[in-house]
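Taking it in order: structure first as structure tokens, then the write-up.
Residue numbers begin at 1 in each chain, while the letters A, B, ... track the order of the sequences.
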Amino acid sequence: MATRSAAGALLYLARRQAVNRWRQRLRRLREPRYLLGGLAAIGYLGWIAWGAGSGPGRDTTRPVALLVWTLPLVVASTWIGRPNPLALAFSPPEVAFLFAAPVTRRTLLHARLLGQQATSLGAILVWIVLFDPAHDPATALVRAVGVWIVVTAITLHRTGATLARIELPDAPRALPITQFLAYTWLCAVAVVFVLAWRELGRLQVFWAGPIVAFVGRLDAMAAEPAVRLVLAPIRWLTAPTLAASPTEALRALPGAIGVLAALYLWVVRDPRPFEEAASDATRRVADRVAAARRGSWRTASATAARPITTRIPLPRRGPAALAFVWKTAVATARTQSIVTFVAIATALAAAAALLPRLWPDPDEGAALRTALLAAFFVASFLALPSWFRQDLRAELGHLVFLKTAPIPSRDIVAAQTAAAAVLSWLALVTLFGVPIALVVADDPLLGFATSFALLAEVLLLALPVLVLLHVTVHNALAILLPGWTRLGQGSVGGLQAMGQTYVTAAAIIATLAVLLVLPGATTAACVGLLGATPGIAVGIVAGTLVALGEWWLACRWLGRQLDRIEPESLPSAR
Amino acid sequence: MTDADRPPALVLDGVTKRYGTVTAIDALDLVVAPGEVLGLVGPNGAGKTTTLRAIAGIVRPSAGRIALGGRDLATDPVDAKRRLSFVPDEPHLFDYLTVREHCRFVARLYDVADPEPRIDALLAELELADKRDALPGELSRGMKQKLAVACALLHDPTLLVLDEPLTGLDPLAIRRMKAIVRARAAAGTAVVLSSHLLTLVEELCDRVLLLRTGRPVALGTIEELGRLRPEFAGRSLEDVFIALVGDPAPAGDASR
């Protein structure tokens with residue numbers, strides 16, 4: 001009786017949540033910004049599905065075939081290293097309502113699996129829309145079922161492996177038999193991988209062969225008897241997804257469902273008392289989500305638990321706005337991982353140094369390096385202001401404090417944007433300073449000394465002001481259209497929110513382009529009047545000064561707009 | 001069956017909870033009778049929330065035994081939890097369930113027969129009737145708290161566990177909440193509540209358990225606590241609390 005009522009309650013929860021979620025998203029379309037966002041998202045998806053991405057040249061079978069080889073790695077990742085308790089996380093309301101309710105542990109696991117289904121089904125739907133090349137409903141349906149089986153199997157396996165391995169507080173240890181079987185299988189997989197690696201190394205397909213040959217060879221190896229035996233569970237599981245036709249996929253379904261059923265029974269059989277670990281994991285996941293929304297890599301609890309080694313002194317005298325700069329620097333130093341940035345920068349520098357030397361054709365390698373660096377630099381330039389959000393985008397949540405501070409609003413805008421820009425600029429220089437210097441050193445277009453002098457001028461003068469304008473545009477959007485910006489802890493999901501993100505990104509880039517017209521024209525005029533030398537050097541200085549003037553005017557104007565915002569009008573206040 | 005015939009609503013027998021080398025609850029013994037209101041007080045980090053979460057079955061004791069309405073929580077958790085309602089300090093609600101749907105979900109979870117009239121009555125009692133079709137995002141903090149309490153009362157628990165129940169409530173709602181607790185207790189429901197509002201505890205609770213660093217410092221009625229030391233005579237719970245919490249030597253069990 002208890003199980004039946006609990007199952008009914010869980011199904012009721014899943015059904016009503018789904019209905020209300022869609023109802024609220026449709027209702028939100030009454031607001032023009034969400035309607036615009038929804039239309040943009042539909043247009044984008046349509047373009048991907050039926051426009052640019054489709055056609056006879058697009059073949060998704062081969063990339064999908066890599067599943068057979070990548071799934072063992074996914075499996076291995078849950079058995080190697082320390083078990084990750086976050087795999088047991090529920091949502092906070094599930095903990096609040098279900099953990100104290102008269103339901104069995106098995107029902108709790110069912111609740112969790114049911115909750116995960118909502119997410120995975122949505123992802124599969126998008127996957128099928130985006131990557132189904134044939135637009136054949138039967139194939140799409142069978143492939144969707146196949147992908148669902150794979151995704152659900154991964155989820156079940158992750159939960160089961162965590163339950164089997166994790167040390168639960170004040171609970172008996174798990175039986176070692178599952179772990180013994182898992183590690184035995186993984187050893188066999190490791191042998192297969194070593195043999196495959198040696199075989200592929202002899203073919204040298206990594207450097208010279210096309211990707212299709214590489215994947216084709218992997219397919220052929222997967223068909224060899226010994227490999228077939230070791231990877232049998234993975235092959236059965238992925239067979240419906242990899243099937244060439246709906247009929248073949250249907251024939252493969254029983255095997256895949258068999259593996260899925262075995263995993264399901266393994267997970268739900270007499271589960272260990274995981275409630276405390278799950279409750280703790282839920283809190284940690286909630287912390288991480290909150291931290292990510294703040295634009296931080298570290299959770300509040302992790303930050304609090306970490307001894308504070310970063311002490312940035314605040315000068316006793318000076319303009320009051322300096323306190324905002326200090327606050328941003330301290331908050332960033334304590335919430336971002338500087339070590340990670342330095343590690344990425346080191347890896348980038350090593351890659352930039354080695355790529356032309358390791359590539360079969362050094363000139364081709366150098367060209368590839370320049371192209372990759374340029375793409376990564378542009379992507380980082382565009383993304384970093386969204387990452388360092390310790391400016392007005394975070395502080396508008398404390399609008400009452402900002403409005404009562406004895407500082408002119410224009411100074412607040414200037415201090416907040418300048419502080420955030422300095423951090424983004426430092427990150428860019430840390431990441432790209434050495435790799436760009438290597439490129440210039442290998443190919444100094446204007447002579448070694450002149451090229452490096454110009455590089456220094458760009459990195460130390462033009463780039464910070466460029467970043468400053470970019471950050472200011474982000475902050476302007478928060479001030480002018482707070483509903484379009486993620487403020488505080490609030491967030492909106494759904495198709496229209498995705499479209500709104502695209503529209504917002506396009507608007508930011510367009511505004512930045514407009515702001516750069518005058519500085520760019522100034523630089524070009526200097527080069528036209530003075531020639532390349534000293535025109536470029538003088539032009540960069542002149543363009544930078546013009547851009548700084550634009551920024552100061554923008555701060556004055558945005559300060560006036562900031563004065564007009566009412567705290568109640570902010571989305572986070574509702 | 002009278003209250004005296006019924007088994008205790010809650011029994012804690014030597015309950016201990018350790019996190020590594022830290023002892024959050026240290027050998028806690030406690031019996032709460034049906035209809036009794038017990039206040040759990042103590043400074044931050046005293047182990048109040050851990051105790052309440054252990055009673056709710058979320059935290060597993062390292063040692064000792066917990067029984068709810070005579071059912072052992074470790075060996076018979078489903079039957080034991082059927083007698084319990086737990087309202088955490090922070091009202092965590094499902095984003096996409098309306099107020100009424102939260103109640104229906106909980107009614108289904110606890111197998112409440114004919115829940116609709118009961119849901120209507122509870123929503124009216126807690127002044128949520130106008131918000132029955134609202135999602136949690138449209139509710140204030142106090143309304144969310146009231147919804148969590150409404151869900152907790154739906155299945156007529158024999159033990160109601162409230163962690164900081166008055167947080168975020170306005171004065172009218174506080175008065176209403178106090179009336180609800182009193183009415184439930186009069187109807188035979190045992191209530192265990194934790195709060196930093198000592199005047200509320202003094203006003204509402206039959207007995208008070210004062211915890212410090214996981215250990216029971218004192219347990220008894222307000223009068224019994226007042227008799228622990230001569231200087232406590234006629235003093236408020238706040239004075240007793242500050243004297244005992246600031247005192248390194250536990251004063252003992254007033255009920256002994």
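Ranked by non-hydrogen atom pairs under 4.5 Å with chain B, the options A:Ala277, A:Pro273, A:Ala96 are led by A:Pro273. Between chain A and the options B:Gly20, B:Ala107, B:Ser62, heavy-atom pairs under 4.5 Å are most frequent for B:Ser62.
By the 4.5 Å heavy-atom criterion applied to side chains, B:Val78 and A:Val103 are not counted as neighbours. Between A:Tyr12 and B:Glu101 the shortest side-chain heavy-atom distance falls below 4.5 Å. Side-chain contact check for B:Leu109 versus A:Leu98: some heavy-atom pair is nearer than 4.5 Å. Side-chain contact check for B:Tyr96 versus A:Gln24: some heavy-atom pair is nearer than 4.5 Å. Taking 4.5 Å as the limit, every side-chain heavy atom of B:Ile58 sits out of range of all side-chain heavy atoms of A:Glu276.
Side chain to side chain, A:Gln17 and B:Asp95 fail the donor-acceptor criterion of an N or O pair below 3.5 Å. B:Arg53 and A:Ser279 form a side-chain donor-acceptor contact under 3.5 Å, judged by distance and modelled atom types alone.
When every heavy atom of A:Ala101 is checked against every heavy atom of B:Lys81, the shortest pair comes out as O-CD, 3.2 Å.
If you measure heavy-atom distances from B:His102 to chain A, the contacts under 4.5 Å come from the side chain alone. For B:Ile55, no part sits under 4.5 Å from any heavy atom of chain A, backbone or side chain. For B:Val106, the part sitting under 4.5 Å from any heavy atom of chain A is the side chain, from C-beta outward, and nothing else. Of the atoms belonging to B:Pro77, not a single heavy atom falls under 4.5 Å from chain A. For chain A, the nearby parts of B:Thr98 are the backbone and the side chain; heavy atoms of each come within less than 4.5 Å. For B:Pro61, the part sitting under 4.5 Å from any heavy atom of chain A is the backbone (N, CA, C, O) and nothing else. Of the atoms belonging to A:Arg23, not a single heavy atom falls under 4.5 Å from chain B.
The line from CG of A:Leu13 to CZ of B:Arg104 is 14.0 Å long, rounded to the nearest 0.5 Å.
A ring-centre distance under 6.0 Å is found for A:Phe97 and B:Phe94.
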